[in-house]
Q: 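Please find one structure pasted underneath; my questions will follow.
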Amino acid sequence: MEETNREAVATAVQRVAGMIQRSDQLDKVEQYRRREARKKGSVEARLKAAIQSQLDGVRTGLTQLHNALCDVKDIQNSLADVSKDWRQSINTIENLKDVKDAVVQHSQLASAVENLKNIFSVPEIVRETHDLIEQGELLQAHRRLIDLECSRDDLMYEQYRMDSKNTHDMNLIRAYFGQVQGLSDELAKQLWMVLQRALVTVRCDPTMLVSVVRIIEREEKVDRRMLDRKKQTGFIPPGRPKCWKSRMNQVLEGTVSGRIESTQSETRDSDKMWLVRLLEITRKYVLDDLIVVKNMMVQCFPPHYNTFQLFFDLYHRALSARIQELAAEDLEANEIVSLLTWVLNTYQSEEMMGHPDLYPECDKNQLEPLLPQEMVDILLGKYMQTFTSNITGWLRKALETDKKDWQKDTEPEADQDGYYQTTLPAIVFQMFEQNLQVAAQINESFKEQVLRLCLKQMTSFLVRYRDEAIAYKEEHLKDRQLPQCYVQYMIAIINNCQTFKESINSLKRKYSKSTEPTQNDAQIEKTLNEVAKEGCQFLLDEVFLDLDNHLNDLLTRKWLTGSHAVDTICVTVEDYFNDFAKIKKPNNQEMTTEAHRRVVVEYLKAVMQKRITFKNAEERKEGAERMIKEAEQFNYLFKKLSAGEDTDWLCGSITAIAEVFKLTDPSLLYLEVSTLVSKYPDIREEHILALLAVRGDATRDMRQMIVETLSQSKPSFSTNSTPVFRDITVPTIATMTAMAVPKLLK
């Protein structure tokens, strides 16, 4: 207690210290005191309420315990009185033994008198009952059978009561009524025959079905009565319980199973569509039967039989067993799809269990699956394995067919906009579309899975497509005359890349709810871009192979004296680009830009290779004017090909160099060269030296001075500018000698 008080005082001191830390807080001491007093009063009130509640609970518990003790004492007294009365009545019961024996004997005699008529007429009743069964009068036959069984059972019961160990008399009664059991079996056989044809009988003779159900109900009541008597006396008549209702359910189950199994009339060997036909016949049979059950058969059975649910469960179990048998067979891919589509969609659709005529008794939302999920997963895995193998083969075959088209002597087809194309994208995506449509019939997740597989296969297919395009180019370079339509089919290959992109995006929009990029998207995009870029490069290589001789004539003595090399280059490029106009955007625009760049670069290379050195100012002027004119030709050509886009930057480099050559005053060379460097900052020292060498009048000191000055004040290169001189190398003396040797040999 003292320790608790010390802890409370310490806590209070700590709280007060926390409240009064500054001098201005002393004014609020009274306010803090009142607030703490209120808190203390609140806590004390809660404690008092809690203690009072506990005391009330204890008081109530004590009161209930006291009442329970009083009740126990009363019960104990009552039990003592009952025990006393029971002991006093034992003698009275023993005195009534003679009366009891007389009652048993009277009961036996009364039973014998009551059944005397039936006992003497048993053979006649047996014959009449047999005739009634054969005539189909089942209710009357059953009434006679019940009379016979009652007579036999009553006699046997009385004999059992009198002397249960007297088997001789029991066997005598059983033998006298021996034909009764045969009649019962014969009647049961007729009942099961009617139930086996219940779906037919209910249409043509529902009264017969009602009679059968009434007989079974009566037998069920007798079974219950006999079982109750057995609990009391230990006696049960022969043949009881018959359990005809349970037997009826077994017969109906066999009938439904036979109905399901009878739907298969064809096999895979006789009809490729055997499974589709089987499933459709099964659907029709089940739907028709359940409608008959709902509209007609339910009225023939008592309500507590829950007839529709009974038949519904029977059909569901039979269907499930049959479907599992089919699933265990060696099904082909299309058969797996047909089966799963039927199981997962058709079964619950309005065409079957969701049919309006079955509502509201059949709630499709409460249906159990026909196939366990494990088996569904196995079938889907088997389908995916087969589909993967098939689609790989289909894609390979489609590519081989497309490769054969590349060798044709006729141009490829053009789309509605006039762009060359082959049938490969249409064939590939038609395959994808068909399989995705099939997958969509099963469920959404499987459709997404098939789409991912298609994209994965597309990734590896495009790699092969790229390899084949490269091989096509390599084969063409062995003999440039073959194939005749190489350029046109290479254009079609480039355009196919754009078609592939559009088709892939279309498939994803149509068959995927996810907007997240897949792991294959980046690889597909990259490969398609590479194929298109390389295709454009192959076509430009084809152009520049034809231009090679004319490019070699540039900036030579022949060129200076009046060569038409640039005219030929422009005509050749324009002629090729008439075909290249069949390339889709943006590849045609990029190709025009690249062709422009390569032409200018090749022209500048001709300058840097120092094929000519001007001898005097007149030659420099003539060469410069020729370069300016040719730059204008290139500018005009590529502006025309690029639909008016700005082309001055690249061609301006030729004009700028021409201005360096055209300058008549060598002392101003530094200014002209610095202007060139400021416009094209990627120009290097060796380029400037090569230009000055071609000019032919710059002294060594002048070249050294210009280079050193420019190197100190060279502007930085802007990343926004297209590099012009970056890929141009200035050949050394050894390189130029090596280049000249083949020409001398020629």
Side-chain angles (χ1 to χ4, degrees), residues 192 195-200 246-293 308-355 358 362 364 366-390 438-439 441-443 445-446 449-450:
W192 310 147
L195 288 172
Q196 286 171 353
R197 302 179 67 253
L199 291 167
V200 177
S246 176
R247 176 60 179 158
M248 176 191 73
N249 292 335
Q250 294 176 5
V251 171
L252 291 177
E253 184 175 0
T255 301
V256 171
S257 298
R259 181 77 164 160
I260 298 299
E261 292 174 0
S262 67
T263 56
Q264 182 168 354
S265 59
E266 297 173 334
T267 62
R268 184 186 296 118
D269 296 334
S270 60
D271 187 357
K272 292 288 185 182
M273 302 296 290
W274 69 277
L275 184 59
V276 175
R277 295 180 185 277
L278 167 63
L279 295 174
E280 177 56 24
I281 293 172
T282 302
R283 182 199 67 79
K284 189 175 185 304
Y285 278 14
V286 172
L287 178 60
D288 291 346
D289 290 353
L290 288 178
I291 290 175
V292 169
V293 171
F308 182 83
Q309 189 63 41
L310 170 66
F311 274 89
F312 177 80
D313 292 340
L314 291 175
Y315 273 100
H316 182 79
R317 287 198 297 271
L319 277 174
S320 181
R322 182 62 181 137
I323 292 298
Q324 291 187 42
E325 290 176 3
L326 292 172
E329 295 184 10
D330 187 17
L331 297 178
E332 298 177 355
N334 61 322
E335 294 170 348
I336 291 175
V337 171
S338 298
L339 183 65
L340 289 178
T341 302
W342 196 88
V343 168
L344 300 177
N345 297 322
T346 303
Y347 184 64
Q348 298 186 7
S349 69
E350 291 187 355
E351 297 177 359
M352 198 168 177
M353 294 307 188
H355 196 280
L358 298 180
C362 179
K364 64 180 182 180
Q366 302 297 324
L367 291 174
E368 294 292 330
L370 286 176
L371 280 177
Q373 188 59 43
E374 296 80 5
M375 189 167 288
V376 172
D377 293 339
I378 291 172
L379 288 175
L380 290 177
K382 184 178 178 182
Y383 174 83
M384 291 297 289
Q385 184 178 1
T386 305
F387 174 61
T388 302
S389 176
N390 289 345
V438 169
Q441 296 174 7
I442 297 177
N443 56 46
S445 62
F446 184 63
Q449 190 177 352
V450 171

Q: Find the distance between CG (Leu290) and CZ (Phe311) and round it off to the nearest 0.5 Å.
A: 9.5 Å
Q: Measure the CG-NZ distance between Leu331 and Lys382 for me, rounded to the nearest 0.5 Å.
A: 5.5 Å
Q: Tell me whether the NZ or CZ atom of Arg283 lies within the 45° cone about the ring axis of Trp342 and under 6.0 Å from its centre.
A: no
Q: What are the two closest heavy atoms between Ala318 and Val256, and how far apart are they?
A: CB-CG1, 3.9 Å
Q: So does Arg259 get a backbone contact from the side chain of Ser262, meaning a donor-acceptor N/O pair under 3.5 Å?
A: yes
Q: Go through Met375 and Ile323 one step at a time and tell me if the side-chain contact (heavy atoms from CB on, under 4.5 Å) criterion holds.
A: CA-CA 11 Å; Met375 189 167 288; Ile323 292 298; over 6 Å; no
Q: Starting at CG of Asn334, measure out to CG of Leu339 and round the result to the nearest 0.5 Å.
A: 11.5 Å
Q: At their closest point, which heavy atom of Val286 faces which heavy atom of Tyr315, and how far apart are they?
A: CG2-CD2, 4.0 Å
Q: Quick check: are there more than 12 heavy atoms from other residues, nucleotides or ligands sitting under 6.0 Å from CD of Gln309?
A: yes
Q: Should the pair Glu280-Arg277 be classified as a salt bridge under the 4.0 Å nitrogen-to-oxygen rule?
A: no
Q: If every non-hydrogen atom of Thr346 is compared with every non-hydrogen atom of Met352, which pair is closest and at what distance?
A: O-CB, 3.5 Å
Q: Side chains of Leu195 and Gln250: closer than 4.5 Å at any heavy-atom pair?
A: no
Q: On a heavy-atom basis, which atom in Ala333 and which in Tyr383 lie closest, and how many Å separate them?
A: O-CD1, 3.4 Å
Q: Should we say atom CZ of Arg317 is surrounded by more than 12 heavy atoms from elsewhere, each under 6.0 Å from it?
A: yes
Q: If I take atom CD from residue Glu368 and atom NE2 from residue His316, how far apart are they, to the nearest 0.5 angstrom?
A: 6.0 Å
Q: If I take atom OG from residue Ser338 and atom CG from residue Leu278, how far apart are they, to the nearest 0.5 angstrom?
A: 11.0 Å
Q: side-chain contact (heavy atoms from CB on, under 4.5 Å) between Ser445 and Gln449: does it pass, once the steps are laid out?
A: CA-CA 6 Å; Ser445 62; Gln449 190 177 352; over 6 Å; no
Q: Determine whether Glu253 and Ser257 satisfy the following criterion, side chain to side chain donor-acceptor pair (under 3.5 Å), listing intermediate values before the conclusion.
A: CA-CA 6 Å; Glu253 184 175 0; Ser257 298; 5.4 Å; no
Q: Please evaluate residues Leu279 and Thr341 with respect to the criterion side-chain contact (heavy atoms from CB on, under 4.5 Å), reporting the C-alpha separation (whole Å), side-chain torsions for both, the decisive distance (0.1 Å), and the verdict.
A: CA-CA 10 Å; Leu279 295 174; Thr341 302; over 6 Å; no
Q: Would you call Ile260 and Tyr285 a side-chain contact if the rule is heavy atoms closer than 4.5 Å?
A: no
Q: Looking only at side chains, do Gln324 and Ser320 share a donor and an acceptor under 3.5 Å apart?
A: yes
Q: How far apart are the closest heavy atoms of Phe312 and Met353, and which atoms are they?
A: CE1-SD, 3.7 Å
Q: Side chains of Leu314 and Asn249: closer than 4.5 Å at any heavy-atom pair?
A: no
Q: Rounded to the nearest 0.5 Å, what separates atom CG in Leu379 from atom CD in Glu374?
A: 12.0 Å
Q: Look at atom CD of Gln373 and say whether more than 12 heavy atoms of other residues, nucleotides or ligands are closer to it than 6.0 Å.
A: yes
Q: Show the numbers, then the answer: is there a side-chain contact (heavy atoms from CB on, under 4.5 Å) between Leu380 and Val450?
A: CA-CA 10 Å; Leu380 290 177; Val450 171; over 6 Å; no
Q: Among Asp377, Val343, Ile378, Leu344, whose side chain to side chain contact (heavy atoms under 4.5 Å, CB included) with Leu371 holds?
A: Val343
